[in-house]
Every structure is written in structure tokens, then in C-alpha cells.
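Take a look at the structure set out below.
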Amino acid sequence: MIKKHLATLLCLLSFGFVPALAQQSRYPFNDPSLPMEKRIDNLLSLMTIDEKVNCLSTNTGVLRLGVMKLR
């Protein structure tokens, strides 16, 4: 009984990580093999005007796109 619950838990956990791993590389700006200019162009094309304005201040992160705030 415990093995069945443990197997179910492991399956649920592994399926939970699959979308997270797939999301990391869904945008070209996350691809380190691309030239920096293409990555920057892609990121800027995905950002809204408000997000671009916010990046001019101390709020440099774009959480919607997975870009972390600089310290």
C-alpha cells in the first residue's frame, strides 16, 4: 500500500516538473547558442511598453517572461 502511494507521488512530482522544464526554453532569448543581439531583440519584442519602462528604473525583472530582477 505504501509503495503504491509512493509510486503515485513520484509520478505526480515528475509530471509537475515536465512543464517547468519545458517552459524554460520556450523563448529564443533563453537560448545561449543564439547571438546576443537576436536574444535581446526577441526579449524586447515580447515585452510590453510598461515592462520596458519599468526596466528603466530599479525594477529590472519581467516575471511574466521569467526574467529575474537584478540585485
Side-chain angles (χ1 to χ4, degrees):
M1 186 72 157
I2 292 175
K3 287 184 181 181
K4 182 177 180 181
H5 289 297
L6 185 58
T8 303
L9 179 62
L10 289 175
C11 285
L12 290 174
L13 285 175
S14 65
F15 286 124
F17 287 117
V18 170
L21 292 174
Q23 257 185 340
Q24 288 178 357
S25 63
R26 84 175 173 186
Y27 296 117
F29 70 83
N30 285 330
D31 185 357
S33 68
L34 291 176
M36 185 64 68
E37 187 173 314
K38 287 189 180 233
R39 294 174 67 190
I40 292 170
D41 288 343
N42 176 250
L43 178 58
L44 290 173
S45 73
L46 295 170
M47 292 171 65
T48 65
I49 297 290
D50 289 336
E51 290 168 339
K52 291 174 186 173
V53 170
N54 284 337
C55 283
L56 295 173
S57 67
T58 57
N59 184 14
T60 57
V62 184
L63 295 179
R64 177 180 67 86
L65 298 173
V67 177
M68 304 309 285
K69 181 178 178 179
L70 294 176
R71 295 179 188 184

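Note that the numbering runs from 1 along the sequence shown for the chain. Keep in mind it's a predicted model, so treat the numbers as computed, not measured.
For the side-chain contact (heavy atoms from CB on, under 4.5 Å) test with Glu51, the passing option among Leu43, Val62, Leu46 is Val62; the others fail.
Put simply, the side chain of Val67 does not reach to within 4.5 Å of the side chain of Met47, judged on heavy atoms.
Hydrophobic clustering (ILVMFWY, side-chain heavy atoms < 4.5 Å, transitive): Leu70 and Leu63 are in distinct clusters. In the hydrophobic clustering of this structure, Leu65 groups with Leu44; members are Ile, Leu, Val, Met, Phe, Trp, Tyr whose side-chain heavy atoms approach within less than 4.5 Å, directly or through other members. Side-chain heavy atoms closer than 4.5 Å link hydrophobic residues (I, L, V, M, F, W, Y) into clusters, and following such links, even through other members, never connects Phe29 to Leu34.
At most 12 heavy atoms of other shown residues, nucleotides or ligands fall within 6.0 angstrom of atom NZ in Lys38.
Residues passing the side-chain hydrogen bond (donor to acceptor under 3.5 Å, both in side chains) test with Asp31 are Ser33, sequence neighbours excluded.
Across every non-hydrogen atom of Arg39 and Pro32, the tightest pair is NH1-CA, 3.6 Å. Residues Ser45 and Asn42 approach most closely at OG-O, 2.7 Å, considering heavy atoms.
Here Val53 is tied into one hydrophobic group with Ile49, each link being a pair of ILVMFWY side chains closer than 4.5 Å.
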